[in-house]
K.L.:
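Okay, here's the structure, questions in a sec.
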Protein chains: 2
Amino acid sequence: MDGLEGSPVGVQVPLYQAKAEFFRMLGHPVRIRVLELLADGPTPVRQLLAAIEVEPSNLSQQLAVLRRSGIVTATRDGSTVVYALAGGDVAELMRAARRILTEMLTGREELLAELREAEASSALPQ
Amino acid sequence: MDGLEGSPVGVQVPLYQAKAEFFRMLGHPVRIRVLELLADGPTPVRQLLAAIEVEPSNLSQQLAVLRRSGIVTATRDGSTVVYALAGGDVAELMRAARRILTEMLTGREELLAELREAEASSALPQ
DNA sequence: GCTGAAATTGAAGAACTTTGCAAGTGTACT
DNA sequence: AGTACACTTGCAAAGTTCTTCAATTTCAGC
């Protein structure tokens, strides 16, 4: 876990490792849903909890991961805590991901259609 | 691992889970480097191996993850195997990630500067 | 057919992440 | 002060992923 935040300022982490940590931090269904909800504006935990089927303590852990990575901020307002995206076009990233994902799944269906039609043998790995 | 490929055709996985699996598949330094190398065109394993400091069998494992997810394809040419991006603008995704990453790190430095200046107490979580 | 090089696979153990529960902190209300 | 609510934290068990080793497959050249 913990990726980005662990690095003291000035200690250089190779960029490809920072990227890997960034993507790993995105790699959890609850965290994805939180980011998508936050894309529509700052949201109190209570509301996230209502929208996502998950135990409060589990949500808190996932929020902690997002917070530590720096992609979201938390501010306390009375007894509720409000989360918001720290900046950046997270929505754009999600769009890019969706495009690739769609393409990948489409490619897959085409491949399967081909395979269904001609039960031929070929010489490719796997 | 295995995410996307495990799903029989027609069994619907919630989109946020497919996204999480997709990002998790990107979440490894060796896999990121492979994708970045492949962004410059199809590349034989031998060349990947020369460019990335990693054991052959470890690289193979990571290539298998990428292959199973469908983001790359492998074709055999004589005794060498050549990998290529399966489609999609992976480069665009990486650019989006880099933008956010940069912003996050910049935000962090600003925050730290602020903290250094005024050692004030506040009431935020963490 | 052997031998060697290129790449993959399988399996075992270490390392990491996720989950849920119980306990803790902070704020608001009476 | 005491109770209730909103969240967070610590921790152990369960689950997943990573790394490495040895074994295997596939092809090319002899």
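A, B, ... follow the sequence lines: proteins, then strands. Residue 1 opens every chain. Below, each value reflects all heavy atoms present in this structure, side chains not excepted, and no hydrogens, waters or symmetry copies.
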K.L.:
Could you state the atom-to-atom distance from CG of Leu63(B) to C1' of dT17(D) in whole Å?
P.N.:
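So the two atoms are 17 Å apart, to the nearest Å.
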K.L.:
Counting distance alone, no hydrogens or angles: does the base of dC7(D) have a donor or acceptor under 3.5 Å from a partner atom on the side chain of Ser60(A)?
P.N.:
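Such a pair does not exist between side chain and base.
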K.L.:
So what does Asn58(B) hit on the nucleic acid, given a heavy-atom distance under 4.0 Å: a base, only sugar-phosphate, or nothing?
P.N.:
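Base: the residue Asn58(B), judged by heavy atoms under 4.0 Å, touches a nucleobase.
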K.L.:
Would you say the side-chain atoms of Arg31(B) pair up with the backbone N or O of Met25(B), donor to acceptor, closer than 3.5 Å?
P.N.:
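Yes: the side chain of Arg31(B) pairs with the backbone of Met25(B).
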K.L.:
Could you state the CG-P distance from Leu59(A) to dC21(C), rounded to the nearest angstrom?
P.N.:
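One finds 16 Å between P of dC21(C) and CG of Leu59(A), rounded.
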K.L.:
Look at the side chain of Arg31(B) and decide which nucleotide, out of dC11(D), dT8(D), dC18(D), has an atom nearest to it.
P.N.:
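Nearest to the side chain of Arg31(B) among the choices is dC18(D).
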K.L.:
Taking for each residue the nucleotide of DNA chain C bearing the nearest heavy atom, is the 5' side occupied by Val45(B) or by Val54(A)?
P.N.:
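It is Val45(B), whose closest nucleotide lies nearer the 5' terminus.
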K.L.:
State whether Arg76(A) places a side-chain N or O below 4.0 Å from either non-bridging phosphate oxygen (OP1 or OP2) of dG26(C).
P.N.:
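For Arg76(A), the contact criterion (side-chain N or O under 4.0 Å from OP1 or OP2 of dG26(C)) is not met.
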K.L.:
Roughly how many Å is it from CZ in Arg68(A) to C1' in dC16(C), rounded to a whole number?
P.N.:
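Rounded to the whole Å, the gap is 13 Å.
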K.L.:
List the atom of Glu103(A), the atom of Asp89(B), and the distance in Å for their closest heavy-atom pair.
P.N.:
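Shortest heavy-atom contact: OE2-N, 4.4 Å.
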K.L.:
Give the nucleotide from the list dG20(C), dT19(C), dT8(C) with an atom nearest to the side chain of Ser57(A).
P.N.:
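Out of dG20(C), dT19(C), dT8(C), the nucleotide with an atom closest to Ser57(A)'s side chain is dG20(C).
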K.L.:
Could you check whether Thr80(A) gets within reach of a base, just the sugar-phosphate, or nothing at all, counting any heavy atom under 4.0 Å?
P.N.:
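Sugar-phosphate, backbone atoms only, no base.
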K.L.:
Without decimals, in angstroms, what is the distance between Ile52(B) CD1 and dA7(C) P?
P.N.:
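Going from CD1 in Ile52(B) over to P in dA7(C) covers 13 Å.
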K.L.:
At under 4.0 Å, does any side-chain N or O of Arg46(A) touch on OP1 or OP2 of dC5(D)?
P.N.:
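Checking dC5(D) against Arg46(A), no side-chain N or O comes under 4.0 Å of OP1 or OP2.
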K.L.:
Could you give the CG-to-P distance, from Asp77(A) to dA6(D), as a whole number of Å?
P.N.:
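Rounding to the nearest Å, CG of Asp77(A) and P of dA6(D) are 14 Å apart.
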K.L.:
Which whole-number value in Å describes the distance from Glu55(B) CD to dA6(C) P?
P.N.:
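Interatomic distance, CD of Glu55(B) to P of dA6(C): 15 Å.
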K.L.:
Can you check whether Tyr83(B) has a side-chain N or O nearer than 4.0 Å to OP1 or OP2 of dT8(C)?
P.N.:
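Checking dT8(C) against Tyr83(B), a side-chain N or O does come within under 4.0 Å of OP1 or OP2.
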K.L.:
Send over the distance from Arg24(B) CZ to dC18(D) C1', rounded to a whole Å.
P.N.:
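After rounding, the gap between these two atoms is 14 Å.
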K.L.:
With the side chain of Val81(A) defined as its heavy atoms from C-beta on, choose the nearest nucleotide among dC11(D), dT8(C), dT8(D).
P.N.:
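That would be dT8(D).
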K.L.:
Looking only at non-hydrogen atoms, find the nearest pair between Leu93(A) and Ala96(B) and report the distance.
P.N.:
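That would be CD1-CB, 3.8 Å.
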K.L.:
OP1, OP2 of dT19(C) versus side-chain N and O of Gln62(A): anything below 4.0 Å?
P.N.:
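Yes, within the criterion.
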K.L.:
Any side-chain N or O of His28(A) under 4.0 Å from OP1/OP2 of dT17(D)?
P.N.:
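So the side chain of His28(A) is outside the cut-off, no N or O lying under 4.0 Å from OP1 or OP2 of dT17(D).
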K.L.:
Quick check on DNA chain C: between Ser79(B) and Gly78(A), whose nearest nucleotide comes earlier from the 5' end?
P.N.:
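The residue closer to the strand's 5' end, by nearest nucleotide, is Ser79(B).
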K.L.:
Of Asn58(B), Leu48(B), Val81(B), which is the lone residue that meets side chain to side chain contact (heavy atoms under 4.5 Å, CB included) with Leu63(B)?
P.N.:
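With Leu63(B) as partner, Asn58(B), Leu48(B), Val81(B) yield a single side chain to side chain contact (heavy atoms under 4.5 Å, CB included), made by Leu48(B).
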K.L.:
Measure from CZ on Arg67(B) to P on dT9(C) and round the result to the nearest Å.
P.N.:
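For the pair Arg67(B) CZ and dT9(C) P, the rounded distance is 5 Å.
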